[in-house]
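Every chain is numbered from 1, with letters handed out A, B, ... down the list of sequences.
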Protein chains: 2
Amino acid sequence: MARGSTRPTSRDVAQAAGVSQAAVSLVLGDKWHGRVSEATAQRVREAARDLGYRPNLAARNLRLGRTRTVLLVVPALTTEFFAGVYTGATRVAAEHGFGVVLYPSPEGIGPARDPFASAQAALDGVIASSMAADALSAIRGEALPLVMLDSDPAGSLGAATVNLDIADGVRQIADHLLSLGHRRFLHLAADVPSWTFDVRARELAARLAGVPGTSVRTARSPISSEGAVAAAETALSEPGPRPTAVVCDDDLLAAGTYKAARRLGLRVPDDLSVTGLDDLALATAIDPELTTVRLDAELFGERGMAALLAVLEGREPKGGDIPVRLVVRGSTAPPGAA
Amino acid sequence: MARGSTRPTSRDVAQAAGVSQAAVSLVLGDKWHGRVSEATAQRVREAARDLGYRPNLAARNLRLGRTRTVLLVVPALTTEFFAGVYTGATRVAAEHGFGVVLYPSPEGIGPARDPFASAQAALDGVIASSMAADALSAIRGEALPLVMLDSDPAGSLGAATVNLDIADGVRQIADHLLSLGHRRFLHLAADVPSWTFDVRARELAARLAGVPGTSVRTARSPISSEGAVAAAETALSEPGPRPTAVVCDDDLLAAGTYKAARRLGLRVPDDLSVTGLDDLALATAIDPELTTVRLDAELFGERGMAALLAVLEGREPKGGDIPVRLVVRGSTAPPGAA
DNA sequence: CCGCTTAGGTTTTACGTATAACGTCTGCCT
DNA sequence: AGGCAGACGTTATACGTAAAACCTAAGCGG
C-alpha cells in the first residue's frame, strides 16, 4: 500500500519482508532449502501474497534466456480439427509449465511471411503442421527447436515429425468398401498441396491396385462444403458407369458429396456410399451419419508437444505414428442395396 | 561468423557496423532522423541483415514495460465460432503490431483457475468472452485493461463490453416464425449459465408475450449435438399439442433437433420448423439447410480487439452492438405445410 | 585457540534493449 | 571573435529477475 499504481516487484516484497531481493528470488523459486531459514521463507511468502506479487515474466525470460513458450503453427484455425490439436498441445504444455502461442499460417494474417513478427512472444520452440517448404525454411532460419506435424519425414530437414497413421486409415476405408462389394470408386481429393493429402491418394491407389476389376477416378475440390458440392456433382455426372462409392479426403468434402448426391437424385447409401476422414461433429450431424476415420486431434496435439518438450530437454522424441480407427456408420452399404 | 551458436545482439550489430549499440537501437527503431546520418543508418541496417539480427523480445518487453501481447479468453476453442473471433482479433492486432495469446477457459486445462499462470507471456490487456463472475474478478485482480465480449454491460465491473445484437437476432427469428403462422413454440435452450443465453430466453419471451394465442415451452440441453437429440426428443414427446416450431439457442442444438425429429418420424420443415443461431458451416451441411441467424464471428473479434486497443491508448472504445442477420433457408415453413 | 564447516543470508552482476543525458565539431550569424 | 545551433553520435542507465560469488557468525574438532 501507499505504492499505488505500479505493480510490486521482488524488491518490494524483499523490503516488506525485511530481506534482500535475492532471498525473495530464492524462496519463490523454491531453491532456498539450506540457504534460508524456514521462518524467513514464511515471511517472504506472506509478504508476496499480501502485496499480490507477480513475477515480471519479461524480466524472467530475459534473465533465463528462455520463455517456456512455444509457437504452434496451424494452416487455419477455423477447423475443429486444429482446435483439438491446440487443446491437446496446451494440456501437455501446461503440465510442464509451458505456454502455447498460436499462429494461423496462410490466409489469416496478410501475406503471413513471418510467424515470428506476429507472435510477439519470445519463443523456445515451434510446432508446425504440414506446411510449404519455403515457410518451413523460414522457420528453420530461426534456428529454433522444431517439431513437424503430419509431414513427410524425409522432407522435414531433419526436424522431428509426429504423424497420424493416415495411410492405415485409408487402408481401413478401402478394405471396408471392398468387402462391401464396391469396385468403382471416386476419390474426392483436397485441392491442396500437402503431404497429408498425398498420402491419401497414394495409399488408396496402392490398395486398389491389388484388387482386379477395380477402378478409381479422381476429382479435386477446395476444402469446403460448397466447393465439394460442385466437384462431386460434376464428377458423378460424367459419362460411363457411375462410381458406387466416394472416398473423400475429409468430412467436409463428404458433406458436400451428400448434397451433390441429393441434387442428382441419388440416395446415400443405397445408390452411393460415402466416406470421410476426421470424424468431426459434422459427421454425426448429417443424415445418414458418416462412415469415417476417427482422428484423435487432441492426442495428436499432445504427442506433438511431448515431442517438442523432448527435443528441448535433449531427449529423443518418441517415435511411431498415431493409430486411427475406422468408424462405420450409415453412409456405407453394399452397392445397389436399393 | 566466428560467433557460432548464440544469437546476435544489437551489440554485435553495432560492432559489425562500427557504431555504438545505441545507434543500432535508434536506427532499427526508426527514431534516427536527424540523429544519425543516412550513410551510417544504411551500414547498420546491412550489418543487421548480414548477421540475421532479431531483437530479443524479452529484453525489449522488459525495457518498455509493455509487451504488445494480449490475452484472449474463450470458453472453449473447439468451436468454429470462437475460432472466428480469434481470427478477427488477430487480424486487427497484427495491424497494430500486437500478438494474441489464447486461453481456453473452463474445461480445457484442469481447473484453470488462473489464466495468467498458463499464459507465460507478459500481457498488456485481456479480452474475455462471457464468463463467470469469479473468473472475471480474478482477471480484474490482475489490474489489466479488459474488454468483455458478449457480457452483461451492467455486470462487467466497469469493463468495456462489445456485444453482438443477439436480442435483435432473436426478434428476427420470432417475427419470421410468427409471420409464417406458428403459435406453439419450443425453446431449446443451452444449459449453460451465461448472459448471452439469458438474452435469448428473455427476448423470445418478450416477443411472444405481445402476441395473443402463443405458447412457449422450454427444454434445456448441453451444447452438443448428442445432448440436444435427447432433450429435443423428450420435449417433443410430451403430452399436449406438439409445438410446430423449435427455436434453438445455437446451430448445434438445431442439428440435434433434426435428428430427434427423424427419430419421432417428423419431417423438417413440413411437420416441424427449426431455427438455429450462429450460422456455422454445419448449417448448410445438413438437410434441409438451416434457417438461422448469422453471427459475424470475425467482425466480433475485430471489434473486441479494436476496443481493447482503444482502452490501451486511452481512447474511448467505440460503442454499439454488432448487427446480426436472419438467414432464411429450408428448415422453416408454415405449420402443417404437409 | 586455530581453522574449517555450515547455516543464513547479502552484494553484485548479467541478460539485451531503449532512451535520456551528454559530448564534439562544423558552419554561420552578429 | 564569440556564441549558438544543428548534425552526428556516444556514454550511461534502468527495466526486474536469477544466480554466482561473497560475507559473517556460530559451532566444533583437534
request  = Inspect the contact between A/R45 and A/E38 and indicate whether a charged nitrogen and a carboxylate oxygen are less than 4.0 angstrom apart.
outcome  = yes
For [N] and [X] - does any side-chain N or O of the residue sit under 4.0 Å from the phosphate oxygens OP1/OP2?
| X | N | answer |
| --- | --- | --- |
| B/S37 | D/dA7 | no |
| A/S20 | C/dT10 | yes |
| A/S25 | D/dA19 | no |

Roughly how many Å is it from [atom1] in [X] to [atom2] in [N], rounded to a whole number?
| X | N | atom1 | atom2 | result |
| --- | --- | --- | --- | --- |
| A/D12 | D/dT17 | CG | C1' | 13 Å |
| B/W32 | C/dA20 | CH2 | C1' | 21 Å |
| B/R7 | C/dT17 | CZ | C1' | 13 Å |
| B/R66 | C/dT17 | CZ | C1' | 12 Å |
| A/R60 | C/dT17 | CZ | P | 21 Å |
| B/L64 | C/dG16 | CG | C1' | 12 Å |
| B/L26 | D/dT11 | CG | P | 14 Å |
| A/L62 | D/dG16 | CG | C1' | 9 Å |

| query | Side chains of A/F82 and A/L102: does their closest heavy-atom pair fall under 4.5 Å? | reply | no
Do A/N163 and A/W195 come within less than 4.5 Å of each other through their side chains, counting heavy atoms only?
yes
Residues B/V74 and B/S129: closest non-hydrogen pair is CA-OG, 3.8 Å
Note: B/L164 and B/D321 closest approach over all heavy atoms is C-CB, 4.3 Å
As a test of reading the structure: which of [options] is closest to the side chain of [X], going by heavy atoms?
| X | options | value |
| --- | --- | --- |
| B/R11 | C/dT17, D/dT10, C/dT12 | C/dT17 |
| A/K31 | D/dA12, D/dT17, D/dA19 | D/dA19 |
| A/T9 | D/dT17, C/dT10, C/dT17 | D/dT17 |

Exercise. Please evaluate the base of C/dG8 for a donor-acceptor partner in the side chain of A/R35 within a cut-off of under 3.5 Å?
Key: no
*Using a 4.0 Å heavy-atom cut-off across all strands, classify A/V24 as base, sugar-phosphate, or nothing.*
nothing
Of A/L28 and B/V36, the one whose closest nucleotide on DNA chain D sits nearer the 5' end is B/V36
By nearest-heavy-atom nucleotide on DNA chain C, the more 5' of A/A23 and A/G34 is A/G34
